[in-house]
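What follows is a single structure, written as structure tokens, with notes after it.
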Amino acid sequence: MRTTLVIALISATSILLSPPGASAQAGDPAEVRALRSQVDRLQQTVEQLQHTILQMQKDSTSRDQALKQKVEAQEAQVQAIQRQQVDRMAVQVDSPLDQALDELGVPDFEPEPDRRALWSQPLGGNTQLRLIDISADVLFFTGGSSERDAAISTLQGGGHDPKQRGFTLGQAEFSLSGAVDPYFTGEAHILTSVNPSTGETALELEEAFLTSSALPYSLQLEVGHSLTEFGLINPQHPHFWDWIDQPVVNSRMFGGDGMRQAGFRASWLPPTPWFSEFHFGMQNAGGVTMASFLGGELAHAHGGGNGHAGEDEQADEHGHAGEDAHAEEPTGGIQGDGIAGRPIIAQDVRGFGDFLYLTRWENSFNFTDDVTAVFGLSGLYGPNSTGRDADTWLYGLDMKWRWQPAGNFGYPFLTWQTEIMKRDYHVARYTQETETGDFASLPGRTLKDWGLYTQLLYGFQTRWAAGLRYEYAGGSGQSIGGRKNDPFRDDRHRLSPLLVWRPSEFSRIRLQYNYDMASHLKDDAHTIWLGFEWMYGAHAAHNF
């Protein structure tokens, strides 16, 4: 509006200052003086208006600057108040939650540091430098038993179990894992162990495999040398077991070092409302880690592990070995190093029928926020070492339940884990010429073995847990020398209470008692083990 008024005044002034028209008489002095007086007044008015407009503009600019300064001051005050509140929250240690936890005696919870940060560094943008995880895990045991060392080695079937009175270095495992490229990750696990009797150090490659990370249709491929994914215990490394020693049924089915070989495994996640995964694997069937197949010999059989070797020593100690040596099994003096004392027949790979095949189906369910369960079915098929037409079938059923209240810091918890296994070992007929020119033979038949373990572990207090495990193993079909005298096919029962203390994530101390009832022993065995475990570095995560 002010702009319109100024324009109007300037227009009027222009008109008045313009030369008089034809109607104005130049010769009329009074009229000229009147016009000049009007023009002078109008010029003064215009100057006053221009001065007023300039002053108004200056006042407006000053108000804008003052308002801007006021807003900036208010924003700075708000930021200062926010910083003060954050500082007070950062130093506040006695919140109601903290007070309640202190009253309940719950120790302070400190989030675990991200150890992977050492091996992964940002390079800017979305680029991440990823190095490998390196770790070392050591298992060390000490203990004693009512049995002597020769008998302990038949009771403790695991390759890295404590096997003698005194001290045992179970293993030192060195692990490397990390991303290879955008398409694959890789792992390698190397074990060293010391023979407690001779002091010799052994070095073995436990696993070295490549896993795909970018296949379509929920598929995954694993290639290399790896543990066979049968059940719950066999795919795990010993330091991940809850109990110190390997279950009896696992030692019988898979040997002391677990079933592992070179090959591949493919898996598929179907689109189900729950977690469900199918596995199919193909591996070499030979080697000492394939005891139930072409490997034949039980790698854990030290001092009597073949059902007949060391028989005199067992007779001296227990006074009954060999009492049914020839029951139902005419051997003609034939003895071997394989399962049930059978001879091992070397075999070459001639076709696809000479490999080991795996199928597994596992499912996971969250029944509530506090309860999770895993169920699995496993099957294995492959040739065995007793002859060209011999084969082995292995079946397994496993489950694991875990209760852990949502929102707690890991304790309390309760886990229940069970595995049931069965083996059908179809042995081929074997004939051997004796020194006298006669022929002795072993008939072909099916040897059946089965067993289970079930265990409960209760984390009753932070860093403390207690558990109980029961095991049973048995079978049918005679071993050479009698199944009763075969430490790896006789009837076995074992009961094992356990106490665990974890000082931190990187160490664990376990106290375990074993009560063994075995047919190949005259008396029941009582054994106690104290195990120490410690770890350096970052280890790859394990399955549930």
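Here the structure is a predicted model, which means the values were calculated and not measured.
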Could you check whether [Y] and [X], counting side-chain N and O atoms only, form a donor-acceptor pair closer than 3.5 Å?
{"X": "Ser479", "Y": "Arg489", "answer": "yes"}
{"X": "Gln164", "Y": "Thr168", "answer": "no"}
{"X": "Ser496", "Y": "Trp243", "answer": "no"}
{"X": "His520", "Y": "Thr154", "answer": "yes"}
{"X": "Glu173", "Y": "Ser175", "answer": "yes"}
{"X": "Asn514", "Y": "Gln512", "answer": "yes"}
{"X": "Asp257", "Y": "Thr289", "answer": "no"}
{"X": "Tyr515", "Y": "His493", "answer": "no"}
{"X": "Tyr411", "Y": "Gln404", "answer": "no"}
{"X": "Gln171", "Y": "His237", "answer": "no"}
{"X": "Ser292", "Y": "Arg423", "answer": "yes"}

So that I can tick it off, tell me whether [Y] and [X] are bridged by a salt bridge, with the cut-off set at under 4.0 angstrom between side-chain N and carboxylate O.
{"X": "Asp490", "Y": "Arg483", "answer": "no"}
{"X": "Arg265", "Y": "Glu229", "answer": "yes"}
{"X": "Asp245", "Y": "Lys163", "answer": "no"}

*asked:* Which residue in the set Gln261, Arg360, Met290 passes side chain to side chain contact (heavy atoms under 4.5 Å, CB included) when paired with Thr228?
replied: Met290
*asked:* Val249 and side chain to side chain contact (heavy atoms under 4.5 Å, CB included): which single residue from Gln246, Arg252, Met253 fits?
replied: Met253
*Think Arg402 forms a cation-pi with Phe413, using NZ or CZ under 6.0 Å from the six-ring centre and within 45 degrees of its axis?*
yes
*Student check: side-chain heavy atoms of Leu447 and Ser476 closer than 4.5 Å*: no
_Quick one, Thr211 and Leu221 - any side-chain contact, counting heavy atoms below 4.5 Å?_
no
*Would one find more than 12 heavy atoms of other residues, nucleotides or ligands at under 6.0 Å from atom CZ of Phe278?*
yes
*Report, as yes or no, whether the 6.0 Å neighbourhood of atom CH2 on Trp416 holds more than 12 heavy atoms from other residues, nucleotides or ligands.*
no
*Is it true that a side-chain atom of Asp370 and a backbone atom of Ala406 form a donor plus acceptor pair closer than 3.5 Å?*
yes
*Using atom types as modelled and distance alone, determine if a side-chain donor or acceptor of Ser146 lies under 3.5 Å from a backbone N or O of His526.*
yes
*Are the aromatic rings of Trp401 and Phe365 close, with centres under 6.0 Å apart?*
no
*asked:* Between Phe254 and Phe230, is the ring centroid distance below 6.0 Å?
replied: yes
